[in-house]
Amino acid sequence: MKIAVVGATGLVGTKMLQVLRERKFPVTELIPVASERSVGKEIEFNGKKYKVHSMTDAIAAKPHIALFSAGGSTSLEWAPKFAEVGTVVIDNSSAWRMDPTKKLVVPEVNAHVLTKNDLIIANPNCSTIQMVVALEPLHKAYQIKRVVVSTYQSVTGTGVKAVNQLMNERKNNGKSDEMAYKYQIDLNVIPQIDVFLDNGYTKEEMKMVNETKKIMGDDSIRVTATTVRIPVMGGHSESVNIEFEKEFELKDVFTILKNTKGLIVEDDVANQIYPMPMTAHEKDEVFVGRIRRDETQAKTLNMWIVADNLRKGAATNAVQIAEYLLANKVHNFYATNYTNFHEAVF
């Protein structure tokens with residue numbers, strides 16, 4: 001298996017390499033790709049050193065799969081060129097997410113939509129991924145009418161510059177030479193993620209609205225979102241209020257969520273156990289807690305959802321898509337250890 005990682009030196013690209021290694025994805029040849037200024041540098045993977053390639057050289061190598069985390073404009077330009085040589089691109093940017101000809105995939109929810117014709121596959125927005133993992137089994141059971149979500153998102157979702165701003169402010173009484181945000185983030189929250197649109201919502205908020213419907217395959221689900229940046233590092237948190245068409249028993253909700261692949265229920269209020277970014281950090285699962293009935297409205301549930309945004313919200317989800325393609329022989333990839341890999345993953 002030849003695997004290219006485009007944006008290999010960035011925050012998400014580095015995490016993709018880590019996840020590939022930890023999940024023992026059968027990489028026989030790694031092709032790290034980065035900007036021109038990084039070409040020729042070396043990175044280490046599984047005890048070997050690999051030189052960073054240019055886009056052109058990577059395409060010439062015809063990798064089986066290319067994991068992209070290099071921004072929307074880069075993906076729009078280069079993903080089709082990889083696809084032309086038969087490479088399956090799994091793209092982490094927003095470039096292809098709402099393209100009606102491209103699949104938007106969270107493996108626990110809708111991997112079954114993938115076919116051999118899908119050469120560019122979109123990885124959803126981090127905040128959407130963790131929410132739909134929890135919503136999907138409940139939608140099947142009770143049919144979701146409306147979702148109200150407020151997010152509490154880690155600075156790592158913005159990138160290295162934002163992490164540096166937070167750490168500098170923490171050391172220097174709120175001062176930082178490097179500013180990813182217009183305002184101080186330490187000891188503060190910023191109720192804006194991405195640019196504002198004409199309707200008064202941010203682009204991040206509308207991503208959650210539109211991507212949820214596409215992934216879950218149901219345009220009737222109404223979603224309204226408020227996305228907020230907070231000074232934490234470990235992952236994103238979400239307060240989610242869900243109105244259903246059907247009535248539910250709380251004990252059945254717990255049972256459904258506990259039996260959902262990729263989901264861990266942490267809900268023991270007597271012992272103050274609930275999901276937090278600090279405890280979700282470096283985990284691949286989505287964590288759910290504070291599960292309770294909304295006492296102001298019938299057929300309505302409150303939940304608290306947390307996940308590591310660099311892993312499940314980005315790198316892990318992309319690698320899981322690759323795992324699904326390989327294990328289910330969606331494409332004719334050759335892997336000498338296919339049988340063992342299938343058993344290990346599934």
Side-chain angles (χ1 to χ4, degrees), residues 10-20 22-23 69 92 94 106-109 123-136 147 149-167 170 180-181 185-194 202 204-205 207-208 211-212 215 225-240 257 260-268 272-291 302-320:
L11 207 57
V12 174
T14 302
K15 191 62 67 174
M16 284 175 170
L17 293 170
Q18 178 187 336
V19 172
L20 285 168
E22 289 178 357
R23 294 176 71 91
S69 185
N92 196 57
S94 61
V106 176
E108 295 91 337
V109 178
N123 207 36
N125 185 45
C126 47
S127 50
T128 306
I129 289 173
Q130 66 188 70
M131 184 171 74
V132 298
V133 171
L135 292 185
E136 175 66 10
V147 177
V149 54
S150 297
T151 72
Y152 307 76
Q153 295 182 221
S154 165
V155 293
T156 56
T158 306
V160 173
K161 189 175 181 181
V163 173
N164 291 342
Q165 178 183 337
L166 174 60
M167 292 297 99
R170 196 149 288 186
Y181 308 115
I185 185 63
D186 189 33
L187 301 175
N188 193 23
V189 299
I190 301 174
Q192 176 189 354
I193 298 179
D194 215 322
T202 66
E204 180 85 357
E205 289 160 354
K207 285 177 188 176
M208 295 194 74
E211 290 179 20
T212 298
I215 296 164
T226 302
T227 57
V228 181
R229 191 70 68 189
I230 65 171
V232 302
M233 300 278 284
H236 292 349
S237 305
E238 298 171 349
S239 173
V240 186
L257 293 175
T260 298
K261 183 179 174 62
L263 203 64
I264 294 177
V265 174
E266 292 184 336
D267 193 312
D268 181 359
Q272 298 178 29
I273 293 173
Y274 30 69
M276 296 181 291
M278 186 175 289
T279 52
H281 184 51
E282 291 294 351
K283 306 285 198 326
D284 285 333
E285 296 83 7
V286 173
F287 297 84
V288 181
R290 298 299 319 280
I291 303 162
N302 286 310
M303 296 195 304
W304 177 251
I305 304 171
V306 180
D308 186 321
N309 57 293
L310 293 183
R311 290 188 70 106
K312 184 53 185 168
T316 298
N317 199 77
V319 173
Q320 285 175 317

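Only this structure's heavy atoms are used, side chains among them; waters, hydrogens and symmetry mates stay out.
Taking each heavy atom of Val286 and Gln130 in turn, the nearest pair found is CG1-O, 3.6 Å. Of all the heavy atoms in Val189 and Pro231, the pair that sits closest is CG1-CD, 4.5 Å. Between Val19 and Ala315, the shortest heavy-atom contact is CG2-CB, 4.1 Å. Heavy atoms only, all atoms of each residue included: Val319 and Met16 are closest at CG2-O, 4.4 Å. When all heavy atoms are compared, the tightest approach of Ile291 to Leu257 is CD1-CD1, 3.7 Å. Nearest approach of Ser127 to Asn125, heavy atoms of both residues: OG-ND2, 2.7 Å.
Rounded to the nearest 0.5 Å, atoms CD1 (Ile230) and CD1 (Ile190) are 11.5 Å apart. Note that the OH atom of Tyr274 and the CG atom of Asp268 stand 10.5 Å from one another [nearest 0.5 Å]. Atom CG of residue Asn92 and atom CG of residue Asn317 lie 8.5 Å apart, to the nearest 0.5 angstrom. Rounded to the nearest 0.5 Å, atoms OG1 (Thr151) and CD1 (Ile305) are 11.5 Å apart. Between Phe287 atom CZ and Thr279 atom OG1 the span is 6.5 Å, to the nearest 0.5 Å. From Thr156, atom OG1 reaches atom CG of Leu11 across 6.5 Å, with rounding to the nearest 0.5 Å.
Remark: the backbone N or O of Glu282 is paired with a side-chain donor or acceptor of Asp308 at under 3.5 angstrom. Between the side chain of Thr202 and the main chain of Asp194, no donor-acceptor pair closer than 3.5 Å is present.
Looking only at side-chain heavy atoms (C-beta outward), Ser237 and Pro275 stay at 4.5 Å or farther from each other. Looking only at side-chain heavy atoms (C-beta outward), Glu136 and Val106 stay at 4.5 Å or farther from each other. Contact annotation: the side chain of Asn302 never approaches that of Arg290 to less than 4.5 Å [non-hydrogen atoms, C-beta and beyond]. Looking at heavy atoms from C-beta onward, Thr227 lies out of side-chain contact with Lys207 at the 4.5 angstrom threshold. At a threshold of 4.5 Å between non-hydrogen side-chain atoms, the residues Val288 and Asp267 do not count as touching.
Judged as a side-chain hydrogen bond (donor to acceptor under 3.5 Å, both in side chains), and not counting sequence neighbours, the contacts of Arg170 are Asp186. Scored by the salt bridge (Lys or Arg N to Asp or Glu O under 4.0 Å) test, Glu108 finds Lys312 as partners (sequence neighbours excluded). Remark: Thr212 engages no residue in a side-chain hydrogen bond (donor to acceptor under 3.5 Å, both in side chains) (not counting sequence neighbours).
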*For side-chain contact (heavy atoms from CB on, under 4.5 Å), just list the numbers for Met208 and Val147, CA-CA rounded to whole Å, side-chain angles, deciding distance to a tenth of an Å, and then say yes or no.*
CA-CA 10 Å; Met208 295 194 74; Val147 177; over 6 Å; no
*Start with the C-alpha distance between Val155 and Gln165, add both sets of side-chain angles, then the distance that settles side-chain contact (heavy atoms from CB on, under 4.5 Å), and finish with yes or no.*
CA-CA 9 Å; Val155 293; Gln165 178 183 337; over 6 Å; no
*Please lay out, stage by stage, how Val306 and Met276 fare under the test side-chain contact (heavy atoms from CB on, under 4.5 Å).*
CA-CA 6 Å; Val306 180; Met276 296 181 291; 5.8 Å; no
*Assess whether side-chain contact (heavy atoms from CB on, under 4.5 Å) is satisfied between Val163 and Met233, documenting all intermediate values.*
CA-CA 8 Å; Val163 173; Met233 300 278 284; 3.5 Å; yes
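Asn309 and Gln153 are not linked by any side-chain donor-acceptor pair at a separation below 3.5 angstrom, with hydrogens and angles left out of the test.
Here Arg311 pairs with Asp284 in a salt bridge; the nearest charged N to carboxylate O distance falls below 4.0 Å. Ion pairing of Arg229 with Glu204 is absent here, as no side-chain N (NZ or NE/NH1/NH2) approaches a carboxylate O to less than 4.0 Å.
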